[in-house]
Amino acid sequence: MIDLGKVVSTLGEQTIAEIGEPLGLSSDQSMRAARALAENFTGNKDQAIDAAAKETGIGKEVLEAMMVKLLDNAKDAAVDHVKGQAAEAAKGMFAKFLGR
């Protein structure tokens, strides 16, 4: 399962503000929304959105769009991480093969 809290902390305030800006959220609102989504996410996106809407007063449509962006960022970060691990493993294999 995705740890949305870790995603939010890894992205940082600037990136979260950039995610929220096109959704009409201020930097502060973006952070509140992201934190509320992260705190309420236990695998069910709709439940997290409902709970975050109650906590923040931000509309569900906006929160859903933010959730999609956060999950996309998490997916991209996971793919980059796996690519990095694969590249390191390939380097190690080639070094052994070439005797370095």
Side-chain angles (χ1 to χ4, degrees):
M1 178 166 52
I2 293 173
D3 182 350
L4 201 55
K6 189 172 183 178
V7 171
V8 169
S9 65
T10 301
L11 289 176
E13 289 186 33
Q14 180 64 37
T15 301
I16 290 174
E18 290 170 7
I19 290 171
E21 185 179 4
L23 302 174
L25 299 177
S26 68
S27 180
D28 181 55
Q29 288 173 317
S30 296
M31 283 307 299
R32 284 188 312 127
R35 285 187 186 122
L37 288 167
E39 289 168 4
N40 290 292
F41 186 70
T42 57
N44 186 313
K45 180 176 73 111
D46 294 331
Q47 286 178 347
I49 291 167
D50 287 345
K54 288 176 187 168
E55 286 178 24
T56 64
I58 297 170
K60 290 182 185 180
E61 298 83 16
V62 172
L63 291 170
E64 184 170 6
M66 178 164 263
M67 175 72 86
V68 168
K69 296 254 186 197
L70 292 171
L71 293 175
D72 282 348
N73 274 287
K75 180 187 66 160
D76 292 345
V79 168
D80 289 345
H81 180 70
V82 170
K83 284 181 183 177
Q85 286 181 324
E88 287 302 313
K91 270 196 245 181
M93 287 180 6
F94 284 121
K96 285 180 185 175
F97 180 71
L98 299 173
R100 294 182 187 172

Indicate the atoms forming the closest heavy-atom contact of [X] with [Y], along with that distance.
| X | Y | value |
| --- | --- | --- |
| S9 | K6 | OG-O, 3.0 Å |
| A17 | S27 | CB-OG, 3.6 Å |
| E18 | P22 | O-CD, 3.1 Å |

Checklist entry - If you measure from the Lys or Arg side-chain nitrogens to the Asp or Glu carboxylate oxygens, is any gap between E64 and K45 under 4.0 Å? => result yes
Close side-chain approach of [X] to [Y], heavy-atom, < 4.5 Å:
| X | Y | value |
| --- | --- | --- |
| N40 | E55 | yes |
| T10 | N73 | no |
| L71 | L4 | yes |
| M66 | I58 | no |

Checklist entry - Would V8 and L37 count as a side chain to side chain contact (heavy atoms under 4.5 Å, CB included) if you check the C-alpha gap in whole Å, the side-chain angles of each, and the deciding distance to 0.1 Å? => result CA-CA 9 Å; V8 169; L37 288 167; over 6 Å; no
Euclidean distance, [Y] [atom2] relative to [X] [atom1], rounded to 0.5 Å:
| X | Y | atom1 | atom2 | answer |
| --- | --- | --- | --- | --- |
| Q14 | I19 | CD | CD1 | 11.0 Å |
| K60 | L63 | NZ | CG | 9.5 Å |
| S30 | I16 | OG | CD1 | 8.0 Å |
| M31 | L25 | CE | CG | 12.0 Å |

Item to check | Residue E21 excluded, over 12 heavy atoms near CD under 6.0 Å | outcome: no
